[in-house]
2 protein chains.
Amino acid sequence: VSSPARRVPGSAVRRLSLYLRALERLEAEGVPTVSSLELASRAGATGPQVRKDLSHFGSFGTRGRGYGVPELRAQLWEILGLTHRWRVALIGAGRVGAALFAYPDFRRRGFEIVAIYDNDPAKVGRRWGGIRIRAVDRLPRTLPRSRIEMAILAVPAPAAQDMADAAVAAGVRGILNFAPVQIRVPAGVSVNHVNMAVELESLSFALHTTREGGETS
Amino acid sequence: VSSPARRVPGSAVRRLSLYLRALERLEAEGVPTVSSLELASRAGATGPQVRKDLSHFGSFGTRGRGYGVPELRAQLWEILGLTHRWRVALIGAGRVGAALFAYPDFRRRGFEIVAIYDNDPAKVGRRWGGIRIRAVDRLPRTLPRSRIEMAILAVPAPAAQDMADAAVAAGVRGILNFAPVQIRVPAGVSVNHVNMAVELESLSFALHTTREGGETS
């Protein structure tokens, strides 16, 4: 695996995650090798996409024999930084926060929620899976002590920027933002945005434009 | 507003949703007009992106005066198909389903969950906000009667394809998939995928590649 490539498109990185999942299923089925075409088909991509996405990171597979399933799985695991155990803060202990906290894929892939913050006095002090929910005003002092590098932001839109600022000031370098608003961060900090309403609206657009005559009611 | 354009890139459509949110905030602040630059800044885009994204749908704004805030808000609302009330089925009444059901932005934007399905006998028959949770094996008969056009899929990965097939067979034309797996649908059906673990892994990649020497532990 060659040294990290910083200019890999975000869409390619997201496909690596999908290839990784497909490889895990293949490995569970005991399949030893896979062609780029078969891997593509299982991950919802095309063969050329698979080859191009992987080419950012070196040379993989053997011409005519495809990729070794366990080998490529391990390489993608490393490329995606999943050999590192990421210590994550969950900011916002509402319904979205609760669903994320329970999401089994996070822990399985090395993302461990080690701190939870909320501004609701009724929630502060409660425990989720052994973690005590802290007041957000204690974030600046307690977050750095926990050696946390990532934050999941599950707060209402008006609070998102302030919470992001506090997390970044406390040393967080990556934010997964679920608030339906863009947040600004300094250079060197990464933000990914999961906006469920935006996804639903883009579905609405797709369906709306294929309705006969664009009828609305 | 010109007739629907089908070849608008998905990324442009997602930005329209962000412009819409920015315009709503501007309208709430009583701001009558906005430049493409200011709108871009509030939505995390660039001025040329705003102008290009809007140009897919006709001519907006006045040179030198910018866009009328309430006018453009109403036009985007229509372009995104939000004047239509979408009847939505929630398939999967677990923690992710519960968080989505409670998500206030959905209803506010015309997406109304009118049916809920789950395969857990302990959940079937319970009510969420007046809606009785039904067994998934009743989906083929009950979903068409409810005139449902969209489904939110919040089931475990192994069940996702079967549930998507059943929803499509029952008349659903748009699926928002939260299961961490690609699903296949026939032409004419739209799928958007929200994969929270993929987003977290793409953050992991970004942070991993900027760590000194790519150190892992």
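Letters A, B, ... mirror the listed sequences (proteins, then strands); counts begin at 1. All values reported here derive from a predicted model rather than from experimental measurement.
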**Asked** Is it the side chain or the backbone of A:L20 that comes within 4.5 Å of chain B heavy atoms, both, or neither?
**Response** side chain
**Request:** Step by step, work out the side-chain contact (heavy atoms from CB on, under 4.5 Å) result for B:L207 and A:W86.
**Result:** CA-CA 10 Å; B:L207 269 61; A:W86 296 102; 3.5 Å; yes
**Request:** Please look at A:S41 and chain B and tell me whether the side chain, the backbone, both or neither of the residue comes under 4.5 angstrom of a heavy atom of that chain.
**Result:** both
**Message:** Using a strict threshold of under 4.0 Å (side-chain N to carboxylate O), is an ion pair present between B:E201 and A:R14?
**Reply:** no
**B:E199 side chain near A:F178 side chain, heavy-atom distance below 4.5 Å** = no
**Request:** Sort out for me which of A:V194, A:L82, A:V96 touches chain B most, counting heavy-atom pairs under 4.5 Å.
**Result:** A:L82
**Asked** A:L16, A:V191, A:L18, A:I152: which one forms the most heavy-atom pairs within less than 4.5 Å of chain B?
**Response** A:L18
**Prompt:** Checking A:A157 against chain B: side chain, backbone, both or neither under 4.5 Å from a heavy atom?
**Reply:** neither
**Prompt:** Between A:R95 and B:A102, what is the shortest heavy-atom contact and its length?
**Reply:** CD-CB, 2.9 Å
**Asked** Can you check whether A:L200 reaches B:R109 side chain to side chain, under 4.5 Å on heavy atoms?
**Response** no
**Message:** Please check this pair: side chain of A:S204 against backbone of B:L80, looking for a donor-acceptor N/O pair closer than 3.5 Å.
**Reply:** yes
**Request:** Mark yes when over 12 heavy atoms from residues, nucleotides or ligands other than A:K52 sit less than 6.0 Å from its NZ; otherwise mark no.
**Result:** no
**Request:** Please state whether the side chain, the backbone, both or neither of A:F101 comes within less than 4.5 Å of a heavy atom of chain B.
**Result:** neither
**Prompt:** For A:R184, is it the side chain, the backbone, both or neither that has a heavy atom under 4.5 Å from a heavy atom of chain B?
**Reply:** side chain
**Message:** Does any backbone or side-chain atom of A:I175 lie under 4.5 Å from a heavy atom of chain B? Answer side chain, backbone, both or neither.
**Reply:** backbone
**Item:** Rounded distance (nearest 0.5 Å) linking atom NE2 of A:H208 with atom CD of B:E149
**Value:** 11.5 Å
**Asked** Any side-chain heavy-atom pair from A:F205 and B:V8 closer than 4.5 angstrom?
**Response** yes
**Fill in**
Under 4.5 Å to a heavy atom of chain B? For A:V198 that would be both
